[in-house]
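When a ligand or atom number is given, it counts from 1 through the structure's own listing order.
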Amino acid sequence: MLDIDFVRGQFPAFAQESLQGQAFFENAGGSYTCQPVIDRLTRFYTERKVQPYAPYEASRLGGEEMDEARRRLAAMMGVESDELSFGPSTTQNTYVLANAFRQFMQPGDAIVVTNQDHEANTGPWRRLVDEGFEVREWQVDPETGHLDLAKLEALLDEKVRLVCFPHCSNVVGEINPVVEITALAHAAGAFVCVDGVSYAPHGLPNVGLMGPDIYLFSAYKTYGPHQGIMVMRRALGETLPNQGHYFNAGSLYKRFTPAGPDHAQVAASAGMADYADALALHHGITGTAAEKATGVHDLMRAHEVKLLQPLLDYVSAKNSVRLIGPSHAAGRAPTVALELAQAGEPVAAELAAHGVMAGGGDFYAVRALKAMGVDPEKGVLRLSFVHYTSEAEVQQLMEALDRVL
Ligand SMILES: Cc1ncc(COP(=O)(O)O)c(C=O)c1O
């Protein structure tokens, strides 16, 4: 069982005077940062803030730490070090990827996108219509927001080069079966691009085992600094045209990151691996980096599922509330969007008065909300938590909801 006191001890935010009594439920927007990341960021800025990879000590150490971040995170996710790269954000990464596919695809080729995604993994791809490519939409069930695999099968044929979908939508919350979807797409001869931004905070997945060609997530939601992280499997990465400087084409991790990376934040991302290792050690989880990551993932998920079910039961029982997505905790992330009679944002503001930090709006999932009949102008109230959330905070949330709904 997750030692919640140990966990919270790794996050300085929980010890801050200004945040006492404030229950944080906007984690899907961005998580608190763990101590090892903050320590590494501080160390980089104070001791190593020089151009990395030069032959003097401060520079050598800075470069080593940047490589360490890639190496350790890649190992946790079951991929090679050079299959993992950093970009300014996931959105920036998808725009670069869409450009690479624009150059790679042939006339008559098609792409499948969903209307469940955050705009980052759908808008850049949809723009390929302007270049003469076909874009097919895998549509959610308007009631539940669910993506049905049979509908995807009907969209796949030999024209499809790429299938883009979320591991988990940031408003529906349902965990999509990446392995099955990937297998279907691969069988049809298509590559797969998964937006893992809403899933990765609940435990880094083993991308190597799951099989997608591209897996994207954002470190600022996984207890790290503000970076986008991209896993690009070698076979696809070496096939797509290089998007970086021509002389870097031989380096896989530089091919899809044309912007110079933020060195300090890349280096500090190794702190995310430190944190996972600390959790593993404290809870007696051993093995390879990937095995430990899986153990930590399972530990986080078990805690979240336990806390989530009472919240789902509570909101499901309220007639004035429409719960978006599944009502069973096991199949979903603790990212709970609610359609209310009133707009989401003012209700979030009322919650703030009760010490609950939550958000309201469309969360850039405009297409998903529209597809489910929710006016994006009105938006939803979103309550999102992660493994460091305590039972007492969920209780505080439900009491606050009692007052404002
Ligand atoms: C599911 C999902 N995908 C993509 C993004 C975009 O990530 P970034 O802010 O790193 O561009 C977000 C951000 O909220 C998100 O929630």
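Between Tyr223 and Tyr32, the gap from one ring centroid to the other reaches at least 6.0 Å.
Residues satisfying the side chain to side chain donor-acceptor pair (under 3.5 Å) criterion with Gln265, sequence neighbours excluded, are Asp262. Partners of Arg127 under the side chain to side chain donor-acceptor pair (under 3.5 Å) rule, at least two apart in sequence or in another chain, do not exist in this structure. Scanning for side chain to side chain contact (heavy atoms under 4.5 Å, CB included) contacts around Thr114 gives Gln116, Asp117, Trp138, Leu147, Phe165, Pro166, with sequence neighbours left out.
In summary, Glu137 and Arg367 do not engage in a salt bridge, as defined by a charged side-chain N under 4.0 Å from a carboxylate O. Residues Asp274 and Arg40 are paired through a salt bridge, judged by an N-O separation under 4.0 Å between the basic side chain and the carboxylate.
For ligand 1, residues of the protein lying within 4.0 angstrom by heavy-atom distance are Ser89, Thr90, Thr91, His118, Ala120, Asn170, Asp195, Val197, Ser198, Ser218, Tyr220, Lys221.
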